[in-house]
Each structure stands twice: as structure tokens, then as C-alpha cells.
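Accompanying notes for the structure given below.
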Amino acid sequence: QQQVKQSPQSLIVQKGGISIINCAYENTAFDYFPWYQQFPGKGPALLIAIRPDVSEKKEGRFTISFNKSAKQFSLHIMDSQPGDSATYFCAATVSGAGSYQLTFGKGTKLSVIP
Amino acid sequence: NAGVMQNPRHLVRRRGQEARLRCSPMKGHSHVYWYRQLPEEGLKFMVYLQKENIIDESGMPKERFSAEFPKEGPSILRIQQVVRGDSAAYFCASSPPPVRETQYFGPGTRLLVL
């Protein structure tokens with residue numbers, strides 16, 4: 001089964017610090033890698049996404065780094081705030097393959113403490 | 001522009017009853033995906049539909065589960081003869097053509113089977 005492995009399971013960061021969440025994948029056909037943010041009782045919200053033709057993408061305080069040869073990608077949250085406390089999921093899919101089903105990591109629960 | 005809508009938000013059923021979950025995609029989106037999230041787990045793909053067509057149901061359990069997306073009206077995920085193991089959050093996502101990998105999620109339906 002195609003897998004996306006996410007780490008760490010939980011993360012505690014001081015306010016103003018950098019939060020880093022890592023994901024690794026197996027299927028080299030994956031070509032779209034989104035990150036989702038989920039608050040308790042809510043649906044996942046699309047945060048930022050990257051394709052393998054770039055090594056980094058930045059949107060505000062959120063940055064995705066992508067290492068195609070290592071089959072790894074990571075989310076960096078700069079200047080982390082208590083409002084960033086949520087569960088973050090990485091995902092991957094093969095676009096243009098007919099299904100577009102997202103394969104998700106198991107999630108990282110981020111707590112940003114004041 | 002309203003987001004993906006799901007109802008009911010919470011559903012309680014006794015073992016053996018039927019559960020019907022509804023999903024209305026975002027305006028202009030013609031592709032719908034259903035995912036299931038077990039407690040403390042990531043989301044698992046179930047089924048991908050277009051209007052009047054099931055494109056990929058590889059993640060659906062073989063028995064008791066069915067899905068449809070009629071020409072008019074919302075997409076329906078139907079679970080017959082529910083069992084306690086069906087208790088989970090069920091999320092619907094929709095995507096705009098042609099960028100089907102960019103999926104926007106609804107708030108989910110939390111199903112509890114007693």
C-alpha cells in the first residue's frame with residue numbers, strides 16, 4: 001500500500017519559534033504534495049502545496065521544503081503562534097492518473113505555548 | 001462562495017440501522033471525494049465521484065457501503081446495517097476542474113454507532 005510517513009506525532013513549540021514537520025513517501029509517481037491544517041471538530045483546511053519541480057514554496061509564515069531524491073518534504077512554520085495550535089497532515093497524490101485520491105500521513109499535533 | 005457543505009454534522013445510530021451522509025460540493029466543482037477519519041488517525045480515501053459516475057471506489061468496504069452523486073442534488077454516502085467500527089468522522093471534499101488534486105474539505109459528519 002502506498003504510504004506517507006509523518007513525524008513527529010506531536011510537537012510543542014514556544015511562541016515565536018519554528019515548527020518543523022517532516023514527511024517521507026515511497027511512491028515516486030506522487031507529484032502533488034499538499035499540507036492540511038485541522039482544528040478540533042473541523043474539517044482539514046488546505047494550507048499550502050508543492051509540486052516536485054520546485055524545492056521550496058513559501059506562503060506567509062508557512063514554507064514547504066521538498067527533496068525529490070530523498071523522497072521527503074517538510075513544513076516549516078516560522079514565528080509560531082498559539083493560534084497555529086492544530087493537527088497538521090501531509091498528503092500526496094498522483095495527478096493526471098484518473099483518481100486523484102490523497103494519501104495522508106497520520107498527522108502531527110502542534111501545540112504552541114506562550 | 002460557500003464552501004463544501006455536509007449534513008448532518010453529527011449522527012447517532014444504533015447497530016443495524018442505516019446512516020446517510022450528504023455532501024454538497026463548492027459551487028462550480030463537479031468532483032467529490034469521500035474520506036474517513038478514525039480517532040487519532042489520518043484520513044483514508046473511500047470513493048471518488050463525478051456527477052452520475054463512480055470513478056474510483058477502491059477505498060470503499062466491499063459490503064454495506066455505497067455512494068452516489070446524482071445529476072441533481074448532493075452526493076450521498078450510505079452505510080447499511082451500521083456496526084460500532086463504523087464510528088468515525090466522514091469528510092467530503094470537492095475539487096474544481098481541471099485541478100482535481102486540489103481538494104477542499106467540508107466540516108465532516110461525526111457518526112457514532114451505539
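A single hydrophobic cluster is seen to contain both A/Ile64 and A/Tyr88, as judged by linkage of ILVMFWY side chains at heavy-atom distances under 4.5 Å, directly or through other members. B/Val4 and B/Leu21 fall into different hydrophobic clusters, defined by Ile, Leu, Val, Met, Phe, Trp and Tyr side-chain heavy atoms under 4.5 Å apart, directly or through other members. In this structure, A/Ile20 is a member of the same hydrophobic cluster as A/Met78, with clusters built from ILVMFWY side-chain heavy atoms closer than 4.5 Å. Linking Ile, Leu, Val, Met, Phe, Trp and Tyr whenever their side-chain heavy atoms come within less than 4.5 Å puts A/Ile21 and A/Phe66 in one cluster. Under a hydrophobic clustering in which Ile, Leu, Val, Met, Phe, Trp and Tyr are joined whenever their side-chain heavy atoms come within less than 4.5 Å, directly or via other members, A/Val13 and A/Leu75 fall into the same cluster.
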- Output, in order, the C-alpha distance, side-chain angles, deciding distance and verdict of side-chain contact (heavy atoms from CB on, under 4.5 Å) for B/Leu43 and A/Tyr36. CA-CA 11 Å; B/Leu43 288 83; A/Tyr36 285 85; over 6 Å; no

- Message: Determine whether A/Gln38 and B/Phe91 satisfy the following criterion, side-chain contact (heavy atoms from CB on, under 4.5 Å), listing intermediate values before the conclusion.
- Response: CA-CA 12 Å; A/Gln38 186 178 30; B/Phe91 291 97; 3.4 Å; yes

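Here the closest non-hydrogen pair linking B/Tyr35 and A/Leu102 is OH-N, 3.0 Å. Taking all atoms of both residues into account, the shortest heavy-atom contact from A/Phe89 to B/Gln37 is CZ-NE2, 3.4 Å.
Contacts of B/Gln6 with chain A are absent, with no heavy-atom separation under 4.5 Å from either backbone or side chain.
Scored by the side chain to side chain contact (heavy atoms under 4.5 Å, CB included) test, A/Ala45 finds no partners at all (sequence neighbours excluded).
Counting heavy-atom pairs under 4.5 Å between each of A/Gly41, A/Pro34, A/Gly107, A/Gly105 and chain B puts A/Gly41 at the top.
Other residues, nucleotides and ligands contribute at most 12 non-hydrogen atoms within 6.0 Å of the CD atom of B/Gln81.
Residues of residues 105-114 of chain B placed with any heavy atom under 4.5 Å of a heavy atom in chain A are listed by number as B/Phe105, B/Gly106, B/Pro107, B/Arg110. Residues of residues 46-62 of chain A having a heavy atom under 4.5 Å from any heavy atom of chain B, listed by number: A/Leu46, A/Arg51. Close approach to chain A, defined as a heavy atom under 4.5 Å from one of its heavy atoms, is seen in B/Tyr48, B/Ile55, B/Asp56, B/Ser58 of residues 46-65 of chain B, taken by number.
With hydrogens and angles ignored, the 3.5 Å screen pairs a side-chain donor or acceptor of B/Gln103 with a backbone N or O of A/Tyr100.
Proximity of the aromatic rings of A/Phe104 and B/Phe45 is defined here by a centroid distance below 6.0 angstrom, and this criterion is not met.
Within the model, atoms NZ of B/Lys44 and OG1 of A/Thr103 stand 8.5 Å from one another, a figure rounded to the nearest 0.5 Å.
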